[in-house]
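The structure under discussion appears below in the form of structure tokens.
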Amino acid sequence: MEHTLQVHNSLTRKKEIFKPITEGFIGMYVCGPTVYSDVHLGNCRTFVSFDIIYRYLKVLKYNVRYVRNITDVGHLLDDGEDRMTKGARMANLEPMEVAQKYSNGFHKMMDIFNTERPSIEPRATGHILEQIEMVQQIIDNGYGYEKNGSVYFDTIKFAEETGEYGKLSGRIIDDLLTETRDNLKKQSEKKHPSDFAIWMKAADDHLMKWNSPWSVGFPGWHLECSAMSTKYLGTHFDIHGGGNDLKFPHHENEVAQNIGACSCQPSNYWLHTNMLLMNGRKMSKSDGNTISPEELFTGDSVHVSKGYSPMVVKFFMLQSHYRSTLDLTDDALLAAEKGYKRLMEAHKNLKKITTENTSNSDSVNEEIQKYITAAYADMNDDFNTPRALSQLFALVSIINGFVDGKRDISGLSQETLESLQSTFSIFMDDIFGLKNDLESGDNNGLVEGLMDLIIDIRQKARENKDWGTSDQVRDKMKELNIVLKDGAEGTSWTMK
RNA sequence: GGUCGCGUGGCCGAGUGGCUUAGGCAGUGGUCUGCAAAACCAUCUACGGCGGUUCGAAUCCGCCCGCGACCUCCA
């Protein structure tokens, strides 16, 4: 069952066969959050997407070093103030307190979505020396110039000499030359509007600043990713990821810095996730078209009719491809919740299935194997989670048929059953990281024990055709949001 | 204004030259069941508009309409 992994490379705008630089090893860098406020639901989608990619690469037996940074300096607002500084002053905190507070919140949210921590999570403020060194290299190579203590990257010279600027984002230098935006014009220290700061001289009241050969100041935002990816993954690594909106200028400038410093295109494959929309429009705090992860979980928002569990939200995200925009609506979430329950129920029931394999029919085994193979093929096709899920749902139908006794299980071989069980376990646990959060499970089996007792007593009533008692139990349980289902193999229950 | 992308059935969402029943949810009919729920089986609704290329296009090309992203901080 040999497959070839293909990924869509933003650099070439094509799907390409994935070949690691060093067989068996993968270096992957993903741009992480700026920790100046609570994590945005859109961020969650991006990091969930890359978590799936990370997990799947590991399932393919690659040894992956996954680096995801935390930006805690250098990210400027429109008014020129550093995001971290502004957050600190408004809350009367040290900048590092702000960074720590929102880093903690970010990690907590990533845990709630059951994503794995990266191998290395470097902070920009912890890598000032590396960034200063890189600025010096860029200056030495002739692509940086100093002006009044700040250092800028010379995009025009770089573009003319290397022809590399604009490749990733599809921008061409002629467009840059005709750039006429007013707010770029006023930045008169630059030789050209498309030039960008790699070191900024700090004003006297600036809170976060360091010594450098040029001034007391701080690094430009784009620089940290270049410096930290180089430090932990080398000058040339396999995968660089991030949100679509970072393509320009952040990633374009990152490429320019790496090439400018050491003449090397940093990453072979650039992967970009698409945006999460709500009701067909971009989420935006200013016009109220936004919802926080917490509001989504609790249902405390005008945009949803009820709360949705984190795993339902994650499942909802997996039902679309990471390169497509995804429209978050209440109807879509309701649908996702039902589908997710169905998937989890089958996953649970699958673990209980046993087979005697008394018949010699191969058809059911072949059919199951076909869907299993297809699911992996879909993941190999640029991590197509919606398609892989559709294969799993085909298997859900088969599993439900077995459980209900409506499909003949006698032809199911032990080998196929084990393959089916391990496939579900690999996809649900290892790749998707979906856990059943629709049932309460933190009471050491007390609920399970009580439910077994209640079902047993009700069963006695049913055997005596005491429907009144039987229905009363079921109705009362329903009021407690526990649904009883009478099947061929006895009564089962689920939390509503 | 410039760059890029998208427009699929009631909703979300895959798919790219002919054969994918994509899938999930909702709907309809049936099976099962003391009833119910669930499940299973069957089934309906589709590729924004107009032209072109082709034996054949939802899929390629052109134009139009609509939507979005980026160009300024953004995942």
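Here is how names work: the chains are called A, B, and so on, in the same order as the sequence lines, proteins then strands, and each is numbered from 1. Fair warning: this is a prediction, and the values are worked out from it, not measured in the lab.
The A:L276 side chain lies nearest to B:A75 when the options are B:A75, B:C70, B:G24. Nearest to the side-chain atoms of A:R458 among the listed nucleotides B:C70, B:G34, B:G24 stands B:G34. The side chain of A:F47 lies closest to B:A75, out of B:A75, B:C12, B:G23. Comparing B:G13, B:A75, B:G34 by their closest approach to the side chain of A:R462 singles out B:G34. Residue A:S324 places its side chain closer to B:A14 than to any other of B:G23, B:G13, B:A14. Side chain of A:R281, nearest nucleotide from B:A75, B:A14, B:G68: B:G68.
Taking atom CZ on A:F315 and atom P on B:G13, their separation rounds to 13 Å, with Å as the unit. When rounded to the nearest whole Å, the span between CG of A:L326 and C1' of B:A14 equals 13 Å. Rounded to an integer number of Å, the gap from CZ of A:R474 to P of B:G34 is 12 Å. Spacing between atom CG of A:N464 and atom P of B:G34 amounts to 15 Å, rounded to whole angstrom units. Straight-line distance from the NZ atom of A:K460 to the C1' atom of B:G34: 19 Å, rounded to whole Å. Going from atom OH of A:Y29 over to atom C1' of B:A75 covers 14 Å, rounded to whole Å. Here the P atom of nucleotide B:A69 and the CE atom of A:M278 are 13 Å apart, to the nearest Å. Atom pair A:Q459:CD and B:G34:C1' shows a separation of 12 Å (rounding to whole Å applied).
Ring planes of A:F106 and A:F47: perpendicular class, angle over 60° (limits at 30 and 60°). Below 30°, between 30° and 60°, or above 60°: for A:F424 and A:H347 the angle between ring planes is below 30°, a parallel geometry. Relative orientation of the A:Y29 and A:H240 rings is tilted, given thresholds of 30° and 60° on the angle between their planes.
Counting any heavy atom pair closer than 4.0 Å across all strands shown, A:A332 reaches sugar-phosphate atoms only and no base atom. Counting any heavy atom pair closer than 4.0 Å across all strands shown, A:G42 reaches a base atom. A:K282 comes within contact range of at least one nucleobase, with a heavy-atom separation under 4.0 Å. Across all strands shown, A:H40 has heavy atoms under 4.0 Å from base atoms, whether or not it also approaches the sugar-phosphate. In this structure, A:F316 reaches the sugar-phosphate backbone alone: every heavy-atom distance under 4.0 Å involves primed, P, OP1 or OP2 atoms, never a base.
Distance noted for atom P between B:G1 and B:C60: 26 Å (whole Å). The separation of B:A57 from B:G52, taken at their C1' atoms, amounts to 12 Å, rounded to a whole angstrom. Annotation: B:C71 and B:G13 have their P atoms spaced 23 Å apart (nearest Å). Comparing B:C50 with B:C55, their P atoms are spaced 23 Å from each other, to the whole Å. Between the C1' atoms of B:G15 and B:C6, the separation comes to 15 Å (whole Å). Rounded to whole Å, the P atom of B:C61 lies 48 Å from the corresponding atom of B:G30. For B:A69 and B:U20, the P atoms lie 34 Å apart once the distance is rounded to whole Å. If you take atom P in B:U54 and the same atom in B:C70, they sit 41 Å apart, rounded to whole Å.
Heavy-atom distances to RNA chain B give each of A:A336 and A:D327 a nearest nucleotide, and the one nearer the 5′ end belongs to A:D327. Each of A:Q391 and A:S470 was assigned the nucleotide of RNA chain B with the nearest heavy atom; the assignment lying further toward the 5' end belongs to A:Q391.
Side-chain contact between A:L328 and A:I291: present, with at least one pair of heavy atoms (C-beta onward) separated by less than 4.5 Å.
An aromatic stack links A:W467 and the base of B:G34, using centre distance under 5.5 Å and interplanar angle under 30°.
The existence of a salt bridge linking A:D195 and A:K190 is excluded, since no basic side-chain nitrogen approaches an acidic carboxylate oxygen closer than 4.0 Å. Taking a cutoff of 4.0 Å between a charged side-chain nitrogen and a carboxylate oxygen, A:E252 and A:K247 do not qualify as a salt bridge. Using a 4.0 Å cut-off between charged nitrogen and carboxylate oxygen, A:D466 and A:K460 do not count as a salt-bridge pair.
For A:F158 and A:F153, the ring centers are positioned less than 6.0 Å apart. Residues A:F427 and A:Y56 place their aromatic rings such that the two centres sit no closer than 6.0 Å. Here the two rings, on A:H222 and A:F196, have centers that are under 6.0 Å apart.
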All N/O pairs under 3.5 Å across the protein-nucleotides 26-28 of chain B interface:
from: B:A26; atom 1: OP1; to: A:K338; atom 2: NZ; distance (Å): 3.2

Tabulate protein N/O versus nucleotide N/O from nucleotides 37-42 of chain B, keeping only pairs under 3.5 Å, one per line.
from: B:A37; atom 1: N1; to: A:D486; atom 2: O; distance (Å): 3.2
from: B:A39; atom 1: O3'; to: A:N400; atom 2: ND2; distance (Å): 3.1
from: B:A39; atom 1: O2'; to: A:D404; atom 2: OD2; distance (Å): 3.0
from: B:A39; atom 1: N3; to: A:K406; atom 2: NZ; distance (Å): 2.7
from: B:C40; atom 1: OP1; to: A:R342; atom 2: NH2; distance (Å): 3.0
from: B:C40; atom 1: OP1; to: A:N400; atom 2: ND2; distance (Å): 3.0
from: B:C40; atom 1: OP2; to: A:R342; atom 2: NH2; distance (Å): 3.3

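For B:G34, the base has a donor-acceptor partner in the side chain of A:D471 [N/O atoms by modelled type, under 3.5 angstrom]. For B:A22, the base has no donor-acceptor partner in the side chain of A:R387 [N/O atoms by modelled type, under 3.5 angstrom]. A:S390 contributes no side-chain N or O that forms a donor-acceptor pair with the base of B:G24 under 3.5 Å.
For B:C4, the paired nucleotide is B:G68, the pair qualifying as Watson-Crick or G-U wobble because both relevant distances are below 3.5 Å. Across all strands shown, B:C60 forms a Watson-Crick or G-U wobble pair, both distances under 3.5 Å, with B:G52. Within the shown strands, nothing qualifies as a pairing partner of B:C35 under the Watson-Crick or G-U definition with both distances less than 3.5 Å. As the counterpart of B:U43, B:G27 is assigned, both hydrogen-bonding distances of the Watson-Crick or G-U wobble pattern falling under 3.5 Å. Nucleotide B:U21: unpaired (no Watson-Crick or G-U wobble partner with both distances less than 3.5 Å).
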Side chain to side chain donor-acceptor pair (under 3.5 Å), that's the test. Do A:S226 and A:E254 meet it? Break it down for me. CA-CA 6 Å; A:S226 290; A:E254 212 182 310; 4.7 Å; no
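More than 12 heavy atoms of other shown residues, nucleotides or ligands fall within 6.0 angstrom of atom NZ in A:K306.
Within the structure, every side-chain polar atom (N or O) of A:N244 is placed at least 4.0 Å from both OP1 and OP2 of B:G5.
A cation-pi arrangement is absent between A:K314 and A:F316 under the rule of less than 6.0 angstrom and at most 45 degrees off the ring axis.
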